[in-house]
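Working notes for the structure below.
We count ligands from 1, going down the list as the structure has it; atoms in each ligand are counted the same way.
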Amino acid sequence: MSDQQRILTGMRPTGQLHLGHYLGALENWVQMQHEYECFFLIADYQAMGDHLDDIDLIQRSVLDVATDWLAVGLDPEQSSFVIQSYVPEHAELAMFFSMLTSLNQHRRNPTLRAEIGQLESENQAITLGFFNYPISQAADILLPKAHLVPVGEDQVAHIEYTRDVARRFNRRYGEVFPLPRARVGRVPRLVGTDGQAKMSKSLNNAVYLADDPDTVQERVRRMVTDVTGQNPRLRAADPGVVEYNPAFLYHDAFNDNPDEVAELKERYAAGTVSDSEVKERLTDALNRFLEPIRERRAWYERHPDYVRDVLLAGTERERAIAQETIADVRQAMRVVYT
Ligand code: ATP
Ligand code: MG
């Protein structure tokens, strides 16, 4: 176990998980859990950054996220599920790292800038807690000295920053941290059902892993098939555009019958299949994909105490490692007085 390379990655407890999480992250995690020692973090501190008015949602979602993780096949015997705030060393390391980060560098982070823009457009206050979250995330990754971070594309800038902090720390105080690498999933960024660039809990444009078959059908029925809004397809006899069409992006990602997808694409371009038939086939494909996840999820939903035990056990495993790292950091920074 101990000579395996380590992974730390995670999610925010801000709602249930969706198809974007699956493709951008979970699919990779499930495969990688056998090759790496994995820490999967439920980042509740980070969720408070922009959901402070919705603490109930955060509280509920901690268990929901863990339930979704178990349902997609993460194995808590192999990997540790960790509640961020139950390991306060995450906050301690973030505080040390905040000393190593200049305000100007921080302000240049492109993902942070985009998210601040989004919050401002919704007239939400930007708290210092939110503004600091890339630092907090660097601390999350480096606390267990992770080598690899499997994430969606929107997170890559944060991993770059994490490498930078590790490099700066090591140069100044001696080698303590590895320089972690990002690994992006098969589909780096899944579009939303509304055609927006990213399927996201916050944008209400998701298909959730826990959706029942009728809900999936309804979400697919309302899905846009033209992201530009300039090629609305009114009749099945109109030739359609397959490229950048969310319905076909989802078919490519989830339909286990590639011959059917190829045939639908051909007929779509030729104007011999309706949007509604493409969507019916997509609904069926998504429901085939989701059914085993739903079944496993139902079992874990009936056994919340098991899920809580998984969380506490994983959290304890990480905490022991976190305490070692903090001891190394204090030694290196000479924050030792007795
Ligand atoms: P929020 O809108 O609250 O930030 P989120 O949907 O972005 O929620 P996070 O918990 O921030 O979810 O992200 C968890 C992981 O899932 C990250 O690695 C992120 O890159 C990945 N991810 C989230 N949405 C997508 C998506 N649409 N496509 C690919 N990866 C995604
Ligand atoms: Mg996010």
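- Compare His21, Arg12, His158 by their heavy atoms: the one nearest to atom 16 (O) of ligand 1 is in His21.
- Listed by number with element, the atoms of ligand 1 under 4.0 Å from a non-hydrogen atom of Val151 are 18 (O).
- Backbone and side-chain nitrogen or oxygen atoms of Gly152 are examined, and one is located within less than 3.5 angstrom of a nitrogen or oxygen of ligand 1.
- Between the choices Gly20, Pro150, Ala206, Gly15, the shortest heavy-atom distance to atom 30 (N) of ligand 1 belongs to Gly20.
- His158 meets the side-chain hydrogen bond (donor to acceptor under 3.5 Å, both in side chains) test with Asn109, Tyr133; sequence neighbours excluded.
- For Asp154, the closest heavy-atom approach to ligand 1 falls below 4.0 Å.
- Note on ligand 1: Pro188 sits in its first shell, one or more heavy atoms being nearer than 4.0 Å.
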Q: Kindly indicate, with the supporting measurements, whether the criterion ring pair (Phe, Tyr, Trp, His ring centres under 6.0 Å) is fulfilled by Phe96 and Phe169.
A: CA-CA 10 Å; Phe96 285 129; Phe169 187 101; 8.3 Å; no
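- Counting the atoms of ligand 1 from 1 in the order shown, those under 4.0 Å from a heavy atom of Arg189 are 28 (N), 29 (C).
- The shortest separation from a heavy atom of His18 to ligand 1 is under 4.0 Å, placing the residue in contact.
- Residues Tyr86 and Glu318 fail the side-chain proximity criterion, which asks for heavy atoms closer than 4.5 Å.
- Pairs of residues two or more places apart, or lying in two chains, that qualify as side chain to side chain donor-acceptor pair (under 3.5 Å) and include a residue from residues 57-71 are Asp68-Arg297.
- Considering backbone and side-chain N/O of Leu190, one or more are found under 3.5 Å from N/O of ligand 1.
- Of all atoms in ligand 1, numbered sequentially from 1 with element shown, those under 4.0 Å from a heavy atom of Met11 are 10 (O), 14 (C).
- For ligand 1, one of its N or O atoms has an N or O atom of Lys198 under 3.5 Å away.
- Applying the 4.0 Å criterion to heavy atoms of Gln155 picks out, from ligand 1, the atoms 17 (C), 18 (O), 20 (O).
- Minimum heavy-atom separation, Glu37 to Ile321: OE2-CD1, 4.3 Å.
- Interface of Thr14 with ligand 1, defined as ligand atoms under 4.0 Å from a residue heavy atom, comprises 3 (O).
- Note: Tyr250 and Phe254 have perpendicular aromatic rings, judged against thresholds of 30 and 60 degrees for the angle between ring planes.
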Q.
Applying salt bridge (Lys or Arg N to Asp or Glu O under 4.0 Å) to Glu316 and Arg319, what does each step give before you reach the verdict?
A. CA-CA 5 Å; Glu316 211 163 291; Arg319 182 138 204 224; over 6 Å; no
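- In this structure, Gln84 contributes its side chain and Asp44 its backbone to a donor-acceptor pair below 3.5 Å.
- Separation of the Phe177 and Phe97 ring centroids falls under the 6.0 Å cut-off.
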